[in-house]
Amino acid sequence: MIGKKRKLGKKIHELKSGDKYTAEKRIEDRDLLMYLGLSDDANPLYIQHDYASQTPFKRPVVPTVMLQGMVSSMISMQLPGPGSHILRQELDFPKPVYHYAEISFHLEVVEIDVSQHKVTISVHAKDAEGDEVIKGVMVVSPPYEPESMTAKSLENFY
């Protein structure tokens, strides 16, 4: 990675209301196991079929914070992209997501505040049945324009 140029995401002046990003994700066992291992989360509702079968959910569910992490990744890697930082999030999870679910994510820039250097992105996700499983907004600081390295290095010359 050292010495390689990395592309930044869209800067605030490159964004416009209506910019969109969509993605399809399938929740696989490996994704769940990696998340649960990294977070040290052993909630039986997430992994134990015998326990989950005795709840209103009837089977293990995907942790909502894992779904939020998927949205966060889409923001930091796609819209606006690398260099972005989430300032605030308001997400609802109206329907549980189950293991092996196929989720359609839809992100859209709905507001741009240049003076505060932030954009509001609406977030919607639906399962294969078309039911909404995530809805809300993320307020994001898009990448800043880096200073010119050439101009900075010229300060050492007369």
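Everything quoted here is computed from the prediction, not taken from an experiment. For reference, positions follow the sequence shown, starting with 1.
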Salt bridge (Lys or Arg N to Asp or Glu O under 4.0 Å) partners of E24, counting only residues at least two apart: none

Set of residues satisfying salt bridge (Lys or Arg N to Asp or Glu O under 4.0 Å) with respect to E145, sequence neighbours excluded: none

Same apolar cluster (I L V M F W Y, side chains within < 4.5 Å links), L91/L87: no

Gap between atom CG of D92 and atom NE2 of H124 - 0.5 Å precision: 10.5 Å

Residue pair D19 / P80, side-chain heavy-atom distance below 4.5 Å: no

Residue list, side-chain contact (heavy atoms from CB on, under 4.5 Å) with E111, at least two apart or on another chain: T120

Smallest separation among heavy atoms of I12 and V114, with atom names: CD1-CA, 3.8 Å

side-chain contact (heavy atoms from CB on, under 4.5 Å) partners of P96, counting only residues at least two apart: F57, V61, Y98

Cluster link M138 to Y21, ILVMFWY, side chain under 4.5 Å: yes

Verify same cluster id: V137, V140 (apolar side-chain graph, 4.5 Å): no

Taking every non-hydrogen atom, the tightest pair across G83 and L8: CA-CD2, 4.2 Å

hydrophobic_cluster_shared for I47 and L67, side chain cutoff 4.5 Å: yes

Heavy-atom donor-acceptor pair, R26 side chain to Y100 backbone, under 3.5 Å: yes

Least distance between heavy atoms, P142 atom then H117 atom: O-NE2, 2.9 Å

Contacts of type side chain to side chain donor-acceptor pair (under 3.5 Å), residue D31, not counting sequence neighbours: none

Residues in side chain to side chain donor-acceptor pair (under 3.5 Å) contact with D50, at least two apart in sequence or another chain: none

Listed partners of R30 passing side chain to side chain donor-acceptor pair (under 3.5 Å), at least two apart: none

Distance, nearest 0.5 Å, that separates CD1 of I86 from CD1 of I121: 8.0 Å

Over 12 foreign heavy atoms within 6.0 Å of CE, M77: no

Audit row: M66, V97, side chain to side chain contact (heavy atoms under 4.5 Å, CB included) steps and yes/no: CA-CA 11 Å; M66 183 177 154; V97 173; over 6 Å; no

Euclidean distance, L79 CG relative to L15 CG, rounded to 0.5 Å: 6.5 Å

N43: side-chain contact (heavy atoms from CB on, under 4.5 Å) partners, not counting sequence neighbours: D41, L45, Y46

Results of side-chain contact (heavy atoms from CB on, under 4.5 Å) for H49 - residues two or more places apart only: P60

Residues which pass side chain to side chain donor-acceptor pair (under 3.5 Å) with S122, listed by chain and number, not counting sequence neighbours: none

Qualifying residues under salt bridge (Lys or Arg N to Asp or Glu O under 4.0 Å), relative to D131, sequence neighbours excluded: K95

Same apolar cluster (I L V M F W Y, side chains within < 4.5 Å links), M70/I134: yes

Test item: Y35 and V62 side chains (from C-beta on) under 4.5 Å apart, heavy atoms: no

CE on M74 to NE2 on H106, rounded to 0.5 Å: 12.0 Å

Side chain to side chain donor-acceptor pair (under 3.5 Å): pairs with one or both residues in residues 60-80, sequence neighbours excluded: Q68-Q89

Spacing of NZ belonging to K11 relative to OG belonging to S84, to within rounding of 0.5 Å: 10.0 Å

Whether over 12 other heavy atoms sit under 6.0 Å from K126 NZ: no

